[in-house]
Amino acid sequence: LSQLVGNSGRVVSLEAQPRTFELLDWSFEISGLNVKRVNKAVFNESGIDVRMTFIPDRALNNELIIGDDFFDSRSKKTVTVKTISIDDLVREQGLKKVDFMKIDVEGVEDSVWDGMSETLKNNPNLIVFMETNTARMINFKKDPETFYRKIEKRFPTIRHVEDGGRIQIITVEEMLARKDGSDIF
């Protein structure tokens, strides 16, 4: 993405898990890519401490712990991280326009969505590419249908990226029927 926006654009990358952030920071530094890095968890509120699970020596499937929820805690460790909402991030970074956003937050998509209402309102042409996971939302005691309906209200046509890269329109009902992850935009 950094190469696509060139010198006139900006890429902001958020990563909450400290070790993964360290690796991303190092990678961006040695590659010389124009990417602003922020070591915080994206959420609906800014400045709160939340716990996050992670598997040592593995940089995937890190999860925020919401309240007493603890999804698949076997073999996972925890770390406390600070949160930031998308709206606050956009303000802090001085972003006047946001064209594209990729969101992969392992089950707290609805909370992130609730923290980006100003950004959605102020950027009518914004493309949001989001990984969602109906089963994980249910495990977190979230209501995926309500969340998917919020997305549908803002983006009446939702597209899904199938395995192999094929893009097709997907309905809320189809998203709910999928118990695995969906990449949508």
Side-chain angles (χ1 to χ4, degrees), residues 1-54 58-66 78-133 136-137 140 142 147 150-151 153-155 158-161 165 167 181-185:
L1 293 177
S2 175
Q3 292 171 335
L4 289 174
V5 301
N7 293 332
S8 63
R10 294 177 59 193
V11 174
V12 180
S13 175
L14 286 96
E15 173 55 53
Q17 207 282 339
R19 177 65 180 139
T20 305
F21 178 81
E22 200 175 277
L23 294 171
L24 279 172
D25 196 43
W26 173 79
S27 175
F28 289 141
E29 198 63 41
I30 64 167
S31 67
L33 294 176
N34 177 29
V35 177
K36 170 67 178 168
R37 284 91 70 185
V38 178
N39 187 200
K40 292 184 180 178
V42 184
F43 203 55
N44 60 341
E45 298 179 61
S46 296
I48 60 173
D49 291 328
V50 292
R51 289 181 304 148
M52 175 178 212
T53 68
F54 67 98
R58 204 167 153 209
L60 61 121
N61 293 330
N62 301 312
E63 300 162 338
L64 292 183
I65 302 169
I66 310 303
T78 64
V79 63
T80 301
V81 296
K82 286 275 188 210
T83 63
I84 190 165
S85 71
I86 294 291
D87 288 341
D88 286 342
L89 175 75
V90 167
R91 272 191 296 279
E92 283 182 16
Q93 296 296 317
L95 302 174
K96 306 237 183 301
K97 181 180 172 198
V98 181
D99 296 308
F100 180 82
M101 191 178 302
K102 180 185 180 296
I103 300 173
D104 181 357
V105 290
E106 304 298 337
V108 293
E109 294 86 358
D110 62 331
S111 296
V112 171
W113 190 266
D114 290 344
M116 59 189 273
S117 58
E118 288 177 39
T119 303
L120 289 167
K121 184 176 118 195
N122 295 335
N123 296 277
N125 297 318
L126 173 65
I127 296 170
V128 177
F129 183 87
M130 180 183 301
E131 179 182 312
T132 63
N133 188 307
R136 186 166 282 158
M137 284 188 260
F140 279 142
K142 306 277 185 168
F147 171 60
K150 286 181 188 180
I151 294 173
K153 184 176 179 183
R154 173 58 169 82
F155 298 105
I158 302 172
R159 292 172 179 82
H160 176 258
V161 181
I167 297 171
S182 293
D183 291 330
I184 61 171
F185 70 98

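Source: prediction; values computed, not measured.
- Within the structure, salt bridge (Lys or Arg N to Asp or Glu O under 4.0 Å) pairs that include any residue of residues 41-50 comprise Asp49-Lys82 (at least two apart or interchain).
- The CD1 atom of Ile84 lies 13.5 Å from the CZ atom of Phe43; values are rounded to the nearest 0.5 Å.
- Using a 4.5 Å heavy-atom cutoff, the side chains of Val79 and Arg19 are not in contact.
- Of all the heavy atoms in Phe100 and Leu126, the pair that sits closest is N-CD1, 3.7 Å.
- Partners of Ser13 by side chain to side chain donor-acceptor pair (under 3.5 Å), not counting sequence neighbours: none found.
- Qualifying side chain to side chain donor-acceptor pair (under 3.5 Å) partners for Asn122, counting only residues two or more places apart in sequence or in other chains: none.
- Among the candidates Glu15, Glu92, Gln93, the single residue satisfying the side chain to side chain contact (heavy atoms under 4.5 Å, CB included) test with Val38 is Gln93.
- A salt bridge is defined here as a Lys NZ or Arg NE, NH1 or NH2 lying under 4.0 Å from an Asp or Glu carboxylate O, and Glu109 with Lys142 fails to meet this definition.
- With sequence neighbours excluded, the residues satisfying side chain to side chain donor-acceptor pair (under 3.5 Å) with Glu118 are Arg91.
- Under the rule for a side chain to side chain donor-acceptor pair (under 3.5 Å), the partners of Asp114 that lie at least two apart in sequence or sit in another chain are Lys150.
- The backbone N or O of Ile48 sits less than 3.5 Å from a side-chain atom of Thr83, completing a donor-acceptor pair.
- Rounded to the nearest 0.5 Å, atoms CD1 (Ile127) and CZ (Arg159) are 9.0 Å apart.
- The number of heavy-atom neighbours closer than 6.0 Å to CD of Glu29, taken from other residues, nucleotides and ligands shown, is 12 or below.
- Rounded to the nearest 0.5 angstrom, Asn123 CG and Asp99 CG are separated by 7.5 Å.
- Rounding to the nearest 0.5 Å places NZ of Lys40 at 8.5 Å from CG of Leu89.
- For the residue pair Trp113 and Ile151, the shortest heavy atom distance occurs at CZ2-CA, 3.9 Å.
- Under the side chain to side chain contact (heavy atoms under 4.5 Å, CB included) criterion, Lys121 pairs with no residue, sequence neighbours left out.
- Here the side chain of Ser46 pairs a donor or acceptor atom with the backbone of Ser85 at under 3.5 angstrom.
- At least one side-chain heavy atom of Val98 sits less than 4.5 Å from a side-chain heavy atom of Val90.
- Atoms CG and CZ, from Asn39 and Arg37 in turn, are 11.5 Å apart once rounded to the nearest 0.5 Å.
- Of the inter-residue distances, the one linking Lys97 atom NZ with Thr119 atom OG1 reads 14.5 Å to the nearest 0.5 angstrom.
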